[in-house]
Structures are given as structure tokens and as C-alpha cells.
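Quick caveat, the model's predicted, so the values are computed rather than measured. Sequence positions, counted from 1, serve as the residue numbers for this chain.
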Amino acid sequence: LPATPKISPEPVFSACAAAALYPRQALLEVGGFDESFFAYHEDLDLGFRLRLKGLQCYYIPQATVHHIGSASTGKSSDFAIYHGHRNLVWTFFKDMPEPLLRRYFALHLLLNVFSVLFFSLNGRANTILKAKMDAFKGLSPILAKRKSIQSEIRVSPEDILQLMERDLLAPIKRKVMMRSLQ
């Protein structure tokens, strides 16, 4: 048998909270999880804020975590679609540094329109439209939080951009890869 290659830790943008360890002081400094998110992308929001403060996040290949995402609510439940898509909008506007917000706004808008079309064509119009409308209605407090977050950034937009996934098909590719491993 060939030797198993040594896999070393590698930097990633953020972690799934079910598989993360956070320094207590760092959590306190960024205010912990944003309770307005409730579920879905609250860990991405936290990771983004930690990243903006200059903290690193690493994938440790030797660590084993058993977590079934959306096990309580179902991956394609109305609950998951609603919170995931509402919170995705909030994360973008709350955390994205100004130069990157301007750079990716049109793409963000296009992906939101695509999401509305996709879920509407699949009989989920009420859920996705409610998610996007509530995201828009809830932007005022999100933008107030943004002001504070953006005023304390310790990294450059280029630092953020380096670890962001820019392949729009990456989530689909990962799902296909994970299915092939099962």
C-alpha cells in the first residue's frame, strides 16, 4: 500500500461552529454569535468578524467531528431556506469590507435573483420571497452593526479576498465530491 500523504493544517476563511474551537477573549471581543441570525450562517458571520479582527482559522485534517448539518430542520426545509437566505444577505451587508462590497454587490444581487427564481420554480416562492423581504426589512439594524464592525477592521480587503471562495460552483462541486465518498 502506498504511504498516506501527510496532510497539514491549512487556513480557511471560517469554520462550521459545530466543529470549531474559539478563543474566549476573541469571542468576547467581537460580541459572540449574533442572536438576530438565530440559525444558519451565524457561524459564518462570527468567523467573518473574527477574520476582520485579524484572527486566523485553520482546517485541521486530523480532527474528526460528526455533525449532520440541518439534521433538526431538514436541509431543504422552509426553515433552512428562510434563515439561510435571509442571513446570507445580512452577512454580506454586515461584514463585507467596503471595497469588496462594491466589487461583489452586482454578483450578490444576481445570486439572490437566481435563488428567488430557483426556489420559485421549485414551488418554494413564498419561503424564498419572505426570506428576501425580511432580509431587506431587517437591514437597518444590520447596517448599524456594520458601522461598528467596519470601524474596527484590522486586516486589508486583500487579506479577506485571499481566503474567500471565488468559484461560484465550489459548493456544488463539494456536494458531488462528498456524495462520491459515501
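Summarising the geometry of Leu163 relative to Val12, their closest heavy-atom pair is CD1-O, 3.8 Å, with the distance given to 0.1 Å. Here the closest heavy-atom approach between residue His85 and residue Ala131 is recorded as CB-CB, 4.2 Å. Smallest separation of non-hydrogen atoms from Ser36 and Ile142: OG-CD1, 4.4 Å. Leu44 and Ser14 get closest at one heavy-atom pair: CA-OG, 3.9 Å. Closest of all the heavy-atom pairs between Asp43 and Cys16 is OD2-CA, 3.4 Å. Closest heavy-atom contact between Phe33 and Ala17: CZ-CB, 3.8 Å.
Inspection of the Lys132 and Ser115 side chains reveals no N or O donor paired with an N or O acceptor under 3.5 Å.
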*Checking side chain to side chain donor-acceptor pair (under 3.5 Å) for the pair Asn112/His108: CA distance, chi angles, key distance, verdict?*
CA-CA 6 Å; Asn112 276 278; His108 179 76; 3.2 Å; yes
*Can you check salt bridge (charged side-chain N to carboxylate O under 4.0 Å, His left out) on Asp34 and Lys94, steps first, answer last?*
CA-CA 11 Å; Asp34 185 336; Lys94 180 179 174 190; 2.6 Å; yes
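Around the CE atom of Met133, the shell of radius 6.0 Å holds no more than 12 heavy atoms that belong to other residues, nucleotides or ligands. The 12-atom threshold is not exceeded at CG of Leu21, counting heavy atoms of other residues, nucleotides or ligands nearer than 6.0 Å.
For Glu98 and Arg146, the salt-bridge test passes: some basic side-chain N is under 4.0 Å from an acidic carboxylate O. Between Lys130 and Asp78, no side-chain nitrogen of the basic residue sits less than 4.0 Å from a carboxylate oxygen of the acidic one, so the salt-bridge criterion is not met.
With hydrogens and angles ignored, the 3.5 Å screen pairs no side-chain donor or acceptor of Arg154 with any backbone N or O of Gly54. A donor-acceptor pair is defined here as one N or O able to donate and one able to accept, closer than 3.5 Å; such a pair exists between the side chain of Glu42 and the backbone of Tyr40.
When each of Thr127, Asn87, Asp134 is checked for a side-chain hydrogen bond (donor to acceptor under 3.5 Å, both in side chains) with Tyr82, only Asp134 meets the rule.
Between Phe92 and Phe105, the ring planes lie tilted relative to each other; the angle falls in the 30° to 60° range.
Connection of Tyr22 to Tyr58 is not established within any shared hydrophobic cluster, with ILVMFWY side chains joined at heavy-atom distances below 4.5 Å, either directly or through further cluster members.
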